[in-house]
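These notes are about the structure you will find just below.
Each chain gets a letter, A, B and so on, in the order its sequence line appears, and its residues count up from 1. Note that these values count all heavy atoms, side chains included, but never hydrogens, waters or copies made by symmetry.
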There are 2 protein chains.
Amino acid sequence: MATPANLPGDGTRATLAQVAARAGVSASTASLAFSGAGPVADETRERVLAAARELDYGGPDPRARSLRTGRSGIIAVVMEDRIRVAFRDPMVVTLLDGIADEIGNAGYSLLLLTDSLERAEGGLRDAPMDAALLLGCSTDLDPAVRVLSQRQVPLIGVEAEPRQGLPMVDIDNRAGMRRLAEHFAELGHERVAVITLPMDRDHTRGPLTQVWQDSSVAYTGLERLSGVRDVFPDAPAVVAAGSLIEEGLIAARALLDAEPGLTAIVGQSDLLALGAIQAAEERGLRVPQDISIAGFDGARIDGLSRHRLTTVVQPSVEKGRAAARLALAALAGEPVENIAFTTELRIGDTTASPRRG
Amino acid sequence: MATPANLPGDGTRATLAQVAARAGVSASTASLAFSGAGPVADETRERVLAAARELDYGGPDPRARSLRTGRSGIIAVVMEDRIRVAFRDPMVVTLLDGIADEIGNAGYSLLLLTDSLERAEGGLRDAPMDAALLLGCSTDLDPAVRVLSQRQVPLIGVEAEPRQGLPMVDIDNRAGMRRLAEHFAELGHERVAVITLPMDRDHTRGPLTQVWQDSSVAYTGLERLSGVRDVFPDAPAVVAAGSLIEEGLIAARALLDAEPGLTAIVGQSDLLALGAIQAAEERGLRVPQDISIAGFDGARIDGLSRHRLTTVVQPSVEKGRAAARLALAALAGEPVENIAFTTELRIGDTTASPRRG
DNA sequence: AGAGGCGGTCGAATCGATTCGACACCCGAG
DNA sequence: CTCGGGTGTCGAATCGATTCGACCGCCTCT
């Protein structure tokens, strides 16, 4: 069990120098033979590769290479939540997919750092990386930013709070939500409530208090809220503990209890909205006849609900791709600038005019 | 935009040697001051750290460190599907969460390699890593195994086909399914069908053909199938294109069309089973009165379905943790052995005796 | 008082590759 | 015949840290 059967059991890897010696060339030439940079006679290259095969040499050691070249071929993604939590959000998954695809095409690999604060310091400080993408909206990422920029690692923010010197990819959260709110207004709604994304790292539930609104912890959530309040300045809001259906359910129950005259609920994500639909239905309210419900994201959610949710569609995969391209550009020394995507209102069958009376 | 505001703009990082010089000590001592290994006078350490602060030195370069120590602090996870696909499966997510948690605690970071075959060769060959976990059941991972073991990277398999010299973490897929099948038998079912996990990389749908059964591409799926067939040798099976609700829906429709007398459907995952429930209900069949449906995994699925699904519960997070621990053990030079978890039948309200007649 | 041990520091070797400038050689053109 | 230029190869420096052995006081124990 110690040595897999398919290994020659010597236990220590051959080095480029050994391969070169065996092939009767210098290390420099052997290096060229592997990397393909610089001119090498075909016959020489063959000899080197043959020697490598004989020694079971699998190519240059990434560690040594990366010391010398200053590149590790790794781009990190820093998230706030642990995987189990973050990846239940389809938006995170698609975003990550876009990132992975783009950097993969460029020959980079993806390092996943879930910033469990203290602990991740380890990863942030010690892991090799050529660039890092910061996911999430909280200013708690601050220490991460400090550590990484001290390490001179190019940083790109995604859905992050704008910050001096941090290039960003974002969407027009506020404008998108405003358009949705206008849609509600046009339908004749007056009492609209909001279920927001989590506002702090502890994922505290409850009515949105002034404290949160001031401390701008959760940039995305507050932006989306502003969009709604541009149209309905007094719209009450409840904070959910996560972008999850069951959290939408919990929050919507609270809203329905606290705000009797409600005719519409906006979830700051599609999952939250779906939870709200469940909450409405469990009280015998029909959607959209008795109450209108809309979300945000345009997530394609597998096998759920008979409704086509009215929502604000954002290009999540593209956002990931763009962020990755920004990182690659930064690595190439090209200028990096902010990118903002626009969202699009998609009207489904979960919104309608409120009943009169 | 070129240099973030919080950086001193010199553009080149200080080195340990410079810090040491500035502190008036040797590089060796400075190194000790940072790593904490070896004795350093408090006053000296202070001086070193102060010098580091003045030079904005963020600690030793991971690249150099990893060349010298032979460790990169990175453990890779190799998956077959691209992120968007793989992460829709809650089992993959929880598994990964377990892995990330465990290796994070040990100070390692997680490198995500989605093995898009040709392309990932890049990552597999060039990315620094101290160990790798191979996720998935397909023999297509073969090239990955070859490349990595040539690089002397310790390998651990998860849900992989048993293979000489590849330590593994697995569950008793077959026994678990057999117990579920026995449950059906006890209830009096005779016509039981199976919806299987994907059987090849192309995610081909359709009735399970002999070809697939021979080529043992998808180890897990075939094991789970065997478990059912231990009890119902002739149980028909349809292959789904993914572990997704909508795939379960599609497959179950096909089954209901093709097998009129069916009284029970086993999904090889909970998502597939949920799809099957939807398929049944859209035909007016009540679950479990008209048809019994069960799954596998014991996934906690957010906000779905009014049923408590009968299922075979597997310890997914624990599986991840165990795999991670195996990798860590291998790195520590400790002996590594296979680990098998056992599953547990959890009876919900989606299974009952078939109606007489 | 001498020996041994320990805390603290330093030099030098080392990890395994990449890369740049130099060099030798051969060819064709002038 | 010689010079210029391209091709293929090599030596040596370099990337930035870690680590091992040596060294030097100084304290303690006998």
Side-chain angles (χ1 to χ4, degrees), chain A residues 11-49 51-52 55-73 125-130 150-153, chain B residues 11-49 51-52 55-73 125-130 150-153:
Chain A
T12 97
R13 219 167 144 273
T15 73
L16 184 55
Q18 291 167 21
V19 172
R22 180 168 190 122
V25 300
S26 75
S28 358
T29 302
S31 173
L32 295 183
F34 273 101
S35 70
V40 176
D42 286 346
E43 193 258 351
T44 310
R45 186 197 331 278
E46 267 321 311
R47 246 191 9 262
V48 172
L49 295 181
L55 294 174
D56 196 39
Y57 176 79
D61 185 323
R63 285 179 286 253
R65 184 222 290 288
S66 101
L67 171 59
R68 181 62 238 240
T69 61
R71 286 284 162 89
S72 60
R125 201 177 290 284
D126 294 336
M129 63 184 84
D130 298 338
Q150 188 170 238
R151 281 183 55 184
Q152 311 258 62
V153 172
Chain B
T12 99
R13 219 167 144 271
T15 73
L16 184 56
Q18 290 166 22
V19 172
R22 178 164 192 126
V25 299
S26 75
S28 355
T29 303
S31 172
L32 296 182
F34 272 102
S35 71
V40 176
D42 286 347
E43 193 259 351
T44 310
R45 186 198 329 278
E46 266 322 310
R47 243 188 14 260
V48 171
L49 295 182
L55 295 174
D56 195 41
Y57 176 78
D61 185 323
R63 286 178 285 252
R65 184 222 290 289
S66 101
L67 170 59
R68 181 63 238 240
T69 62
R71 285 284 159 89
S72 61
R125 202 177 291 282
D126 294 337
M129 64 183 83
D130 298 338
Q150 187 170 241
R151 281 183 53 184
Q152 311 259 63
V153 174

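Scanning residues 16-24 of chain B for heavy-atom distances under 4.0 Å to DNA chain C yields B:Gly24. The stretch residues 33-45 of chain B touches DNA chain C through B:Pro39, B:Val40, B:Ala41, B:Thr44, each having a heavy atom within less than 4.0 Å of the strand.
Minimum heavy-atom separation, A:Val40 to A:Arg45: O-NH2, 3.5 Å. For the pair B:Ala52 and B:Phe34, the tightest heavy-atom approach, listed with the atom from each and the gap, is CB-CZ, 3.7 Å. Between B:Val25 and B:Ala30 the shortest heavy-atom distance is CG2-N, 4.2 Å. For A:Val19 against A:Val48, the heavy-atom pair with the smallest separation is CG1-O, 3.7 Å. Counting all heavy atoms, side chain and backbone alike, B:Ala127 lies closest to A:Pro62 at O-CG, 3.9 Å. Annotation for A:Arg151 and B:Arg13: closest pair O-CD, 3.7 Å, computed over non-hydrogen atoms.
Within the 3.5 Å criterion, the main-chain N or O of A:Ser72 finds a donor-acceptor partner in the side chain of A:Asp130. Side-chain atoms of B:Arg71 never come within 3.5 Å of backbone atoms of B:Ser66 as a donor-acceptor pair (strictly under, hydrogens ignored). Judged by distance alone, with hydrogens and angles left aside, the side-chain atoms of B:Ser35 form a donor-acceptor pair with the main-chain N or O of B:Ser31 at under 3.5 Å.
In this structure, the side chain to side chain donor-acceptor pair (under 3.5 Å) partners of A:Arg22, at least two apart in sequence or on a different chain, are A:Glu54.
Scanning DNA chain D 5' to 3' for nucleotides with an atom closer than 4.0 angstrom to a non-hydrogen atom of chain B gives a first and last hit of D:dG16 to D:dT19.
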Open item on the list: Base contacts versus sugar-phosphate-only contacts with protein, heavy atoms under 4.0 Å: please encode nucleotides 21-26 of chain C as B, S and - from 5' to 3'.
Closed with: ------

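Note on the helix from C:dA1-D:dT30 to C:dG30-D:dC1: angle between the axes of the first and last five pairs equals 40°, rounded to 10 degrees.
Within the 4.0 angstrom heavy-atom criterion, only backbone atoms of the sugar-phosphate kind lie near A:Thr69; the bases stay farther away. Counting any heavy atom pair closer than 4.0 Å across all strands shown, A:Thr15 reaches sugar-phosphate atoms only and no base atom.
Comparing B:Thr29 and A:Leu32 against DNA chain C, the residue whose closest nucleotide sits nearer the 5' end is B:Thr29. Toward the 5' end of DNA chain C, the nearer of the two residues B:Arg68 and B:Ala30, judged by each one's closest nucleotide, is B:Ala30.
The CZ atom of B:Arg63 lies 13.5 Å from the CZ atom of A:Arg65; values are rounded to the nearest 0.5 Å.
In summary, the side chains of B:Ser26 and B:Thr29 do present a donor paired with an acceptor at a separation below 3.5 Å, with no hydrogens or angles considered.
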